[in-house]
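Counting begins at 1 with the first residue of the sequence. Each ligand, and each atom within it, is numbered from 1 in the order the structure gives.
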Amino acid sequence: MDGDLARLRGIDGIKWRKYGPDVLPAWVADMDFDTAPPIKEAISAMVERGDLGYNAVPGDALVPAWADWQERYHHWRPVEEQCRAFTGALHALETVLMLHTRPGDGVVLFSPIYPPFRTAIEHSGRQVVDVALEGPDWRLDPERIEAALDARTRLVLFCQPHNPLGRVFDHGEIEALAAIAERHDLLVVSDEIWGDLTHDGHRHLPIVSVDARLAERTVTIGAASKTFSVAGLRCAVAHVGPPALRDALAALPSHAIGAPSTISAAATVAAWRSGHEWLAEVKAILTANRDRVLERVARGELPGVAMHRPQATYLAWLDFTATAFANDPGTALLAQARVALDLGPRFGPQAQAFARLNFATTPVILDEILDRIGAALRTG
Ligand SMILES: Cc1ncc(COP(=O)(O)O)c(C=O)c1O
């Protein structure tokens, strides 16, 4: 652990910087693995060439690289002319939110949910239409969705695969969502930036590839940010299905939205063109780590904690209801175990007894994190 820890403690990333040196971080969604060599090489080559002026090459290569990647891994080819670049997944999501809705409009999310989905709605004066998902299966319930909608509901913020639950929604669930979206004339923003990180042969389904009714009412967001842990580079792409939305984007002043830097585009293209080997290795580690967490929870080594098996992501959604830490376990564990998980209550009103564990680290660090949580639970 010492070698890895020395490197990780030496980087500026917020994951390792936010808390003191006695805390092991398992919160924000960055991975602890060294960057993929093709990404490092792409960035170094630009710097070495002194090639940091205006440069259209990386930006022009971005969408074709994404289209090829999607087709190869997810059997869906975005229409390149309908895609555009953004500086992050939330940048794309909030831009669409602002263009398609007005203050007071209803926007659906499926909670527990990655907190910025909720704050995007609240901070822009839109209304959160919170459709709660329930364990142990965390499946979409069409009746519950339908019951939550009213005449002011305009948009659905979807997360496929879902953060923090790690669900890959299946054909039946997506078809039900498509039927509802059509019936109520809803736009769907499908944030699919976790799509590459599936386990056990679970297949990520881009929602537009499942149901034709979604084609012209969906914006699909993709990125290399989670897959390759390069969120700091600030680059994402979106496939904008609805023609009216493409027109609205095109009508904005040309610099209003901004674009990824040439370095971030070049690094992202390198990831999508040459990152296959690195990704295969990392996915094997992530699945082994997921199984390690499941196994240790099943053995009772985190007394009272329950969890379901994530089908994707490197996030474990831990249920502390049956423990002494049932009220905001993340806060208690930071104080008592010196591990930093993401706090459940940030993900939704029903998540008070939960915490999100990021297991994208070395097996040794992961074991130490689980040991510390187990010890704190035993002491109470
Ligand atoms: C589902 C989801 N969307 C968006 C983001 C943030 O992406 P970005 O930093 O590109 O805005 C994250 C980060 O963890 C995420 O999990």
Side-chain angles (χ1 to χ4, degrees), residues 13-15 18 25-33 39 62 66 83-98 107-121 123-124 133 138 155-169 188-198 204-207 218-239 257-261 263-265 267-268 271-272 286 310-317 340-344 346-348 351 355-361:
I14 57 171
K15 184 177 183 186
K18 180 165 179 182
W27 62 291
V28 69
D30 278 322
M31 301 200 265
D32 287 344
F33 312 120
I39 296 178
L62 194 58
W66 185 50
C83 296
R84 64 179 293 160
F86 290 85
T87 64
L90 292 172
H91 182 203
L93 180 149
E94 292 192 354
T95 303
V96 173
L97 175 73
M98 298 304 286
V107 180
V108 177
L109 52 71
F110 297 94
S111 69
I113 190 64
Y114 174 61
F117 278 34
R118 187 182 303 275
T119 48
I121 302 170
H123 290 177
S124 60
L133 300 174
W138 309 102
L155 186 74
V156 177
L157 295 183
F158 201 59
C159 192
Q160 162 82 331
H162 186 277
N163 169 5
L165 297 173
R167 277 287 330 276
V168 184
F169 297 106
V188 182
V189 175
S190 191
D191 177 339
E192 304 194 355
I193 67 172
W194 286 97
D196 300 319
L197 299 179
T198 48
H204 164 61
L205 296 173
I207 68 167
T218 299
V219 175
T220 303
I221 301 173
S225 53
K226 294 298 132 189
T227 311
F228 290 93
S229 206
V230 288
L233 288 172
R234 313 310 302 144
C235 183
V237 285
H239 178 263
I257 296 197
S261 72
I263 286 199
S264 70
T268 301
W272 283 334
L286 294 181
Q311 300 163 335
T313 79
Y314 47 74
L315 308 169
W317 187 237
L341 308 187
D342 237 311
L343 309 182
R346 297 179 63 234
F347 292 76
R356 192 191 75 172
L357 169 85
N358 171 346
F359 53 78
T361 190

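Every atom of ligand 1 with a heavy atom of A29 under 4.0 Å away is listed here by number and element: 14 (O). Annotation for ligand 1: atoms under 4.0 Å from non-hydrogen atoms of W194 are 1 (C), 15 (C), 16 (O).
The CG atom of L315 lies 8.5 Å from the CG atom of L357; values are rounded to the nearest 0.5 Å. Between the CG atom of D196 and the CZ atom of F228 there is a distance of 7.0 Å, given to the nearest 0.5 Å. Going from atom CG of D191 over to atom CG of L157 covers 9.0 Å, rounded to the nearest 0.5 Å. For the atom pair CG of D30 and OG of S225, the computed distance is 9.0 Å after rounding to the nearest 0.5 Å. Summarising the geometry, atom OG1 belonging to T313 is positioned 11.0 Å from atom NZ belonging to K226; distances are rounded to the nearest 0.5 Å. Rounded to the nearest 0.5 angstrom, L90 CG and R234 CZ are separated by 7.5 Å.
Remark: minimum distance from atom 11 (O) of ligand 1 to any protein heavy atom is reached at L90 N, 2.9 Å. The nearest heavy-atom contact from the protein to atom 6 (C) of ligand 1 is Y114 OH, 3.2 Å. Nearest protein neighbour of atom 9 (O) of ligand 1, counting heavy atoms only, is R234 NH1, 3.0 Å. Closest protein heavy atom to atom 14 (O) of ligand 1: K226 NZ, 2.9 Å.
Heavy atoms of I193 found under 4.0 angstrom from ligand 1 belong exclusively to the side chain.
Under the 30°/60° scheme for interplanar angles, the aromatic rings of F158 and F169 are found to be tilted.
For ligand 1, the polar-atom distance check against H91 finds no nitrogen or oxygen pair separated by under 3.5 Å. The shortest N or O to N or O distance between D191 and ligand 1 is below 3.5 Å. Ligand 1 has no nitrogen or oxygen under 3.5 angstrom from a nitrogen or oxygen of C159. Annotation: A89 places an N or O atom under 3.5 Å from an N or O atom of ligand 1; distance criterion only. Residue N163 has at least one nitrogen or oxygen atom sitting less than 3.5 Å from a nitrogen or oxygen atom of ligand 1, judged on distance alone.
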ask   = Step by step, would you call I113 with H162 a side-chain contact (heavy atoms from CB on, under 4.5 Å)?
value = CA-CA 8 Å; I113 190 64; H162 186 277; 3.5 Å; yes
